[in-house]
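Written below as structure tokens is the structure these notes are about.
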Number of protein chains: 2
Amino acid sequence: MTDIYRAIADPIRRKILRMVSQKECTQSDIVASFSISQPAIKKHLAILLEEQLLLERRMGKFCYYRLNTPVFQQEYLQLQSELGLVLENKLAGLKHYLENLEEE
Amino acid sequence: MTDIYRAIADPIRRKILRMVSQKECTQSDIVASFSISQPAIKKHLAILLEEQLLLERRMGKFCYYRLNTPVFQQEYLQLQSELGLVLENKLAGLKHYLENLEEE
DNA sequence: TTTATATATAACCAAACGGTTATATGAAAT
DNA sequence: ATTTCATATAACCGTTTGGTTATATATAAA
């Protein structure tokens, strides 16, 4: 369901993740940190919410966003194990190559 | 220039990265591992090449692909430090909160 | 030399992305 | 009650993504 790869594909969304991880932010806090329009920010927030990496809380006319830490942590761990494999494979391939230098 | 986030956004491209990290593969090896068309695979390879995560080598009618390990490693490290910040921020925020429990 | 195989390219398509402007809604402050 | 401010939504736009089919090209094998 959660696609962290989609969520982090855009630099604006990565910066939003960093912002809300430090401190809960209102939408206008976030809008103020970028030079794009409020609806554009809204769409980025919608993607982050859709991928469940953000939680929102309504207080009067304000909407607060914060990191959904458990989900982010879990998804990030999975990402690391998936991409980590790429480098491990490379090392395994090299190891095999070295072990069989004389035989081939 | 290299945008690893773009490169890894698609699961097919992530699988290609894993494949070529184990062993140099021809394009038809790769095509055979998926159930999409050869031109579709070609486009994924084009994106991975564009982002410099793959190297290609021509041998007669075959085209071999392999991981561009130094670039992948470097970009992956940067990704980790960028995303790692998100969790570190969260911890720092929590620390600050605990330290100031009595004052607020 | 014909045939088969590997790769490349073109044309097309629908859907998603990333932005815009304009406007509506809803809550708070004057 | 009216204005102000935060957020939401609609309509639009150009580009990118991710796929297709059909076809061209280039090398290798029969």
Side-chain angles (χ1 to χ4, degrees), chain A residues 1-20 23-68 75 79 82-83, chain B residues 1-20 23-68 75 79 82-83:
Chain A
M1 227 295 50
T2 296
D3 183 357
I4 194 179
Y5 297 98
R6 177 192 181 212
I8 65 175
D10 190 277
I12 289 183
R13 288 197 293 273
R14 295 196 295 274
K15 192 176 166 193
I16 291 176
L17 286 173
R18 260 177 283 133
M19 283 191 67
V20 301
K23 188 172 180 299
E24 223 182 22
C25 299
T26 67
Q27 186 180 132
S28 32
D29 288 340
I30 298 169
V31 170
S33 310
F34 296 91
S35 46
I36 62 176
S37 67
Q38 176 259 327
I41 291 292
K42 186 81 210 306
K43 287 188 188 179
H44 285 298
L45 290 171
I47 288 176
L48 291 169
L49 285 167
E50 205 181 318
E51 301 305 339
Q52 304 185 268
L53 296 176
L54 245 50
L55 294 170
E56 62 182 345
R57 177 172 64 96
R58 222 32 201 293
M59 272 283 283
K61 65 176 174 175
F62 299 96
C63 193
Y64 288 92
Y65 293 90
R66 66 183 186 283
L67 185 69
N68 189 347
E75 296 298 316
L79 174 151
E82 188 174 3
L83 295 188
Chain B
M1 224 293 57
T2 295
D3 182 357
I4 193 177
Y5 297 98
R6 177 191 181 214
I8 66 175
D10 189 277
I12 290 182
R13 289 196 292 273
R14 295 197 294 273
K15 192 177 167 192
I16 291 175
L17 287 173
R18 262 177 282 132
M19 283 191 67
V20 303
K23 188 173 180 301
E24 223 182 23
C25 299
T26 67
Q27 188 181 131
S28 31
D29 288 340
I30 298 169
V31 170
S33 310
F34 296 92
S35 46
I36 61 175
S37 67
Q38 175 258 328
I41 292 292
K42 185 85 212 305
K43 287 188 189 179
H44 286 298
L45 290 171
I47 288 176
L48 291 169
L49 285 167
E50 205 180 318
E51 300 306 340
Q52 304 184 270
L53 296 176
L54 246 49
L55 295 170
E56 63 181 344
R57 177 173 64 95
R58 222 30 199 296
M59 273 282 283
K61 65 177 174 177
F62 298 96
C63 193
Y64 288 92
Y65 293 90
R66 65 183 186 283
L67 186 70
N68 190 346
E75 294 300 315
L79 174 152
E82 188 174 3
L83 296 188

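Sequence lines set the chain letters: A, B, ... in the order given, protein chains first and strands last, and positions in each chain run from 1.
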According to the salt bridge (charged side-chain N to carboxylate O under 4.0 Å, His left out) rule, which pairs have a member within residues 46-55 of chain A, sequence neighbours left out? A:Arg6-A:Glu50, A:Arg6-A:Glu51
Options D:dG18, C:dT20, D:dA6, nucleotide nearest the side-chain atoms of A:Ile36: C:dT20
For DNA chain D, which residues of residues 5-14 of chain A approach it to below 4.0 angstrom with any heavy atom? none
[N] [atom2] sits how many Å from [X] [atom1], rounded?
X       : N      : atom1 : atom2 : answer
B:Leu45 : D:dT17 : CG    : C1'   : 15 Å
B:Leu49 : C:dT9  : CG    : P     : 12 Å
A:Tyr64 : D:dA6  : OH    : P     : 11 Å
A:Ile41 : D:dT7  : CD1   : P     : 12 Å
B:Lys42 : C:dA11 : NZ    : C1'   : 16 Å
B:Lys43 : C:dA10 : NZ    : P     : 12 Å
A:Phe34 : C:dG19 : CZ    : C1'   : 14 Å
A:Leu54 : D:dT7  : CG    : P     : 14 Å

[Y] side chain reached by [X] side chain, heavy atoms, under 4.5 Å:
X       : Y       : value
B:Ile16 : B:Phe34 : yes
A:Arg57 : A:Glu24 : yes
A:Leu79 : B:Leu79 : yes
A:Ile8  : B:Glu82 : no
A:Ile30 : A:His44 : no
B:Val31 : B:Thr26 : no
A:Arg13 : B:Tyr5  : no

Is there a side-chain polar atom (N or O) of B:Ser37 under 4.0 Å from OP1 or OP2 of D:dG19? no
Can you see if the side chain of B:His44 gets near the phosphate of D:dG19 - specifically, an N or O under 4.0 Å from OP1 or OP2? yes
Walking DNA chain C from its 5' end, the first of A:Ile47 and B:Tyr65 to be reached, judged by nearest nucleotide, is B:Tyr65
Can you check each nucleotide of nucleotides 22-30 of chain D against protein heavy atoms at under 4.0 Å and return B for base, S for sugar-phosphate only, - for none, in 5' to 3' order? B----BS--
Separation between SG (A:Cys63) and CD (A:Glu56), nearest 0.5 Å, reads 4.5 Å
